[in-house]
Peer 1: 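Dropping a structure here in structure tokens format, bear with me for questions.
Computed over heavy atoms, backbone and side chain alike; hydrogens, waters and symmetry mates excluded. One-based numbering, in listed order, for ligands and for the atoms of each. Quick caveat: nothing in here was measured; it's all calculated off a predicted structure.
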Amino acid sequence: MYDLSFPWVMRTASERSCGHRVINRSNAMKSAIYYGPRDIRIEEIERPKAGEHGIVVKTRAAAICGTDLHFYKTAWKGLPVDTIARGHENAGDVVEVGANIQDVRMGDRVWATDFLPCFECERCKKGEYDRCRNLKLGGQWGLHGGFAEYFWIPVVVLNRNVIKLPETMSYQEGTLIEPVGIGLGAVINADPKPDDVAVVLGTGMVGLGAVAKLKDSGVSKIMASEISDKRRQAAKEPGADVIINPA
Ligand SMILES: [Zn+2]
Ligand SMILES: [Zn+2]
């Protein structure tokens with residue numbers, strides 16, 4: 001499929017502890033580095049290079065995921081603090097393209113996240129890429145994400161970790177491809193039938209994606225439960241039939 005021997009850059013403990021000092025200022029970019037709960041610092045770090053199989057994207061929009069909030073508020077699930085720029089819901093312009101890249105060009109407007117399953121473990125072989133045992137994930141585990149002026153996609157797999165935005169889609173809308181896609185994927189996996197009744201708990205972006213896909217699947221009754229007034233209101237548009245406030 002592609003060369004998995006490409007050296008995936010994971011930060012080592014010593015690199016982390018020596019911080020992100022930029023040696024060459026002509027190649028610096030601003031980046032919001034996560035140091036731990038309620039500790040995000042704007043720092044200059046070295047701008048990434050595309051590498052043979054990758055691209056560099058100039059960030060135009062980067063959404064804040066619920067996961068980012070968890071990490072910001074607490075030491076989430078006791079996971080180790082990784083001093084990286086978070087941000088995995090990113091959209092921007094391709095500004096550098098690796099020599100081996102055929103299907104992405106300079107200037108392409110893209111949604112991109114450096115999400116890369118191994119395609120080899122037993123979960124990948126079942127198509128459960130998001131549960132890959134060797135998953136690499138920018139802005140989450142070991143790699144800088146989109147809360148920076150530029151971000152790097154080390155290995156491009158078109159329509160998996162890089163999607164070209166239609167002309168009619170803004171960068172801000174493009175950032176929602178990931179959370180909405182999770183909702184769509186959940187419904188596709190559930191494989192609902194038209195006479196099913198479906199209940200969606202929570203109508204943030206993931207839940208709204210689920211409601212939209214349930215409607216598209218012709219499910220006869222879609223119920224949504226949500227405590228936020230704004231989100232209950234939002235659930236009407238994609239077609240929730242019954243919307244309740246569980247509070
Ligand atoms: Zn997310
Ligand atoms: Zn895998």
Peer 1: Rounded to 10°, how many degrees is the angle SG/Cys121-the Zn ion (ligand 2)-SG/Cys124?
Peer 2: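 If I round to 10°, I get 110°.
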Peer 1: Is any protein N, O or S atom closer than 2.8 Å to the Zn ion (ligand 1), and if so, which?
Peer 2: Cys65 SG, His88 NE2, Glu89 OE2, Glu178 OE1
Peer 1: Following the transitive rule for hydrophobic clusters with a side-chain heavy-atom cut-off under 4.5 Å over Ile, Leu, Val, Met, Phe, Trp and Tyr, establish whether Val95 and Met29 coincide in one cluster.
Peer 2: yes
Peer 1: Does the side chain of Phe147 come within less than 4.5 Å of Asp68's, by heavy atoms?
Peer 2: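 Asp68 reaches Phe147 side chain to side chain.
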Peer 1: Hey, does the side chain of Glu44 reach the backbone of Lys30 with a donor-acceptor pair shorter than 3.5 angstrom?
Peer 2: no
Peer 1: Is any side-chain N of the basic residue among Arg232 and Asp229 closer than 4.0 Å to the acidic one's carboxylate O?
Peer 2: yes
Peer 1: Any Lys/Arg nitrogen of Asp93 or Lys58 sitting under 4.0 Å from an Asp/Glu carboxylate oxygen of the other?
Peer 2: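 Salt bridge: no.
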Peer 1: Quick one: do Lys221 and Asp241 make a salt bridge, cutoff under 4.0 Å?
Peer 2: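 Salt bridge absent between Lys221 and Asp241.
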